[in-house]
Amino acid sequence: MSIGYACLALGVKDSSMKGCLKKNASEIRLKELIRGNLNSLDNLINYNIESGIKMFRISSDLIPFASSPVNSIEWWNIYKKEFSLIGNKIRENKIRVSMHPGQYTVLNSQDEGVVERAVEDLQYHSRVLDSLGTGSECKIVLHIGGVYNDKYKAIERFSKNYSKLPDFVKERLVIENDDKSYNISEVLEVGKRLKVPVVFDNLHNFSNPSYPEKSEEFWINECRGTWSEKDGKQKIHYSQQAVYKRVGAHSESIEIKKFLEFYSKLGNGNTDIMLEVKDKNLSAVKCINCIRSSGRIRLLEIEWSKYKYSILEKSSLAYKEIRELLKCKNGYQPVRFYSILENALRQPENIGNALNAAMHVFGYFKKDASDKERERFLSKINKYKEGETSLRLLKKELHRLSIKYEKEYLLESYYFLLQ
DNA sequence: TGACGTCAAGATCCG
DNA sequence: CGGATCTTGACGTCA
């Protein structure tokens, strides 16, 4: 059982994927971008290794315009060394990577050009995973596509186009239920017929259910049968509905108790779970820490070092509560720990608490800051008190100082990231 | 034609 | 000039 997150990690330095406008996609620019993105991928993999994260979705943005004629670079040759170095790390650390082309890769389109481009795009994704030297358990997740007023014909087109795909793509392709067109029983039907593994997505199944009386566990068990030995463990997508947002919108963070309730129904350890959530790696680490059979308080202390000022900003009570919890050095109560965090982070902005946290953080610069910087900050503090500036701008000032005076502890924390 | 989703690039505005 | 904020892009489907 592994838990992973998709594409980008919060708080990891030099880990973003960069792109450019199509009109600026010169050979030189593209090569620059690819080199940078491979370096970012390397940093992401390093972070995952350090954090004990065993599952990760690689962003399709790794190679800009990869399946477009504007990019004719043989990146798999030029960057062979980089790919193999990263790939070795992935394999040595048993990280299961995957990819997921967006909603615009449509294999069952009525337009042949669209299908052609979809095939190109799937080949690109396979090529990335091949270049990394990953096994056939590292998958490419795809939706069935459009309906075009005739689902039967649309599925036939999918089947026909699937059968024409080259083997190196077929080996990796898996299909997933989507949020409006193809529900889980329809995708299962296709998967069983074509022998393509099926990924169950719980939130899509909520907004686009097939037989609403059937439970999530039922569908997960049904899907399990489509995964064979060479495909690796069954994969599912898990996300939670964002409150007050449209149905199907991903939540900011994973509510741990809700997750554990879902998790307990999975029973055995034979399912890999890809989280789809805005706070990405933060929720992945949370869930991993909460399902460990044995954990040490040290793990929570590391988490606390990253969350503490965000918590202080919201609730000094929660701050004290967690400090108490962490005093018991041979106790390990991750669920209690994260529940307090979640509750605190849900609190609305409170000027008193926010000022308190900001002053604590400013304490890091007491010695370094010049008189001018001190003055500038304190005047911002007063403005914030009077409602003349926002917390965001106040924190931006602190962020600037953190970079200038190289306060790694603050820069690696989530204080500047959350809200 | 615009919403959908996604994010950063690019454009523009402001002090 | 640099930083902040607003707009666009890149993709295909569907209302």
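Lettering of chains follows the sequences in order, A, B, ..., and the numbering in each one begins at 1. Values below: all heavy atoms of this structure, side chains included; hydrogens, waters and symmetry mates excluded. The structure presented is a predicted model; accordingly, all values stated were derived computationally and were not measured.
An OP1 or OP2 oxygen of dG10(B) is reached within less than 4.0 angstrom by a side-chain nitrogen or oxygen of Asn24(A). Residue Arg392(A) places no side-chain N or O under 4.0 Å from the OP1 or OP2 atom of dA4(C).
Nucleotide dT6(B) holds its C1' atom 14 Å from the CD atom of Glu252(A), rounded to whole Å. Spacing between atom CG of Asn161(A) and atom C1' of dG12(C) amounts to 15 Å, rounded to whole angstrom units. As a whole-Å value, the separation of Leu30(A) CG from dA9(B) P is 14 Å. Protein atom NZ of Lys280(A) is 8 Å distant from nucleotide atom P of dT6(B), rounded to whole Å. Computed from coordinates, the Lys22(A) NZ to dG10(B) P distance equals 15 Å when rounded to whole Å. To the nearest angstrom, P of dG2(C) lies 16 Å from CD1 of Ile403(A). Atoms NE2 (His100(A)) and C1' (dC7(B)) sit 16 Å apart, rounded to a whole Å. Atoms CZ (Arg376(A)) and C1' (dG3(C)) sit 10 Å apart, rounded to a whole Å.
A residue-by-residue look at Lys23(A) and Ser16(A) shows that Ser16(A) has its nearest nucleotide of DNA chain B further toward the 5' end. Nucleotides of DNA chain C nearest to Thr105(A) and Lys396(A) differ in position, and the one nearer the 5' end is that of Lys396(A). Nearest-nucleotide mapping onto DNA chain C: of Leu393(A) and Tyr104(A), the residue sitting toward the 5' end is Leu393(A).
No hydrogens or angles considered: a donor-acceptor pair under 3.5 Å links the side chains of Asn46(A) and Lys89(A). In this structure, a donor-acceptor pair under 3.5 Å is present between the side chains of Asp279(A) and Ser253(A). For the residue pair Tyr319(A) / Glu313(A), no side-chain donor-acceptor distance below 3.5 Å is found, with atom types taken as modelled. Side-chain contact of Lys18(A) with Ser16(A): a donor-acceptor pair under 3.5 Å is present, judged by distance alone.
Contact annotation: the side chain of Leu129(A) never approaches that of His125(A) to less than 4.5 Å [non-hydrogen atoms, C-beta and beyond].
Both tests hold for Arg157(A) against Tyr148(A): distance to the six-membered ring centre under 6.0 Å, angle to the ring axis within 45°.
At distances below 3.5 Å, at least one donor-acceptor pair connects side-chain atoms of Ser131(A) with backbone N or O atoms of Arg127(A). In this structure, Ser159(A) contributes its side chain and Ile155(A) its backbone to a donor-acceptor pair below 3.5 Å.
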Listing time: all N or O pairs from protein to nucleotides 13-15 of chain C that are below 3.5 Å?
from: dT13(C); atom 1: OP1; to: Ser109(A); atom 2: OG; distance (Å): 2.9
from: dT13(C); atom 1: OP1; to: Tyr148(A); atom 2: OH; distance (Å): 2.3
from: dC14(C); atom 1: OP1; to: Val147(A); atom 2: N; distance (Å): 2.7
from: dC14(C); atom 1: OP2; to: Tyr148(A); atom 2: N; distance (Å): 3.4

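Across all strands shown, Arg400(A) has no heavy atoms under 4.0 Å from either base or sugar-phosphate atoms.
Among the nucleotides dA9(B), dA4(C), dG5(B), the one closest to the side chain of Lys18(A) is dA9(B).
Partners of Lys139(A) by salt bridge (Lys or Arg N to Asp or Glu O under 4.0 Å), not counting sequence neighbours, listed by chain and number: Asp231(A).
For the salt bridge (charged side-chain N to carboxylate O under 4.0 Å, His left out) criterion with Asp368(A), the lone passing option out of Arg374(A), Lys404(A), Lys407(A) is Lys407(A).
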* For DNA chain B, the dot-bracket pattern of Watson-Crick and G-U pairs whose distances stay under 3.5 Å, | for other-strand partners -> |||||||||||||||
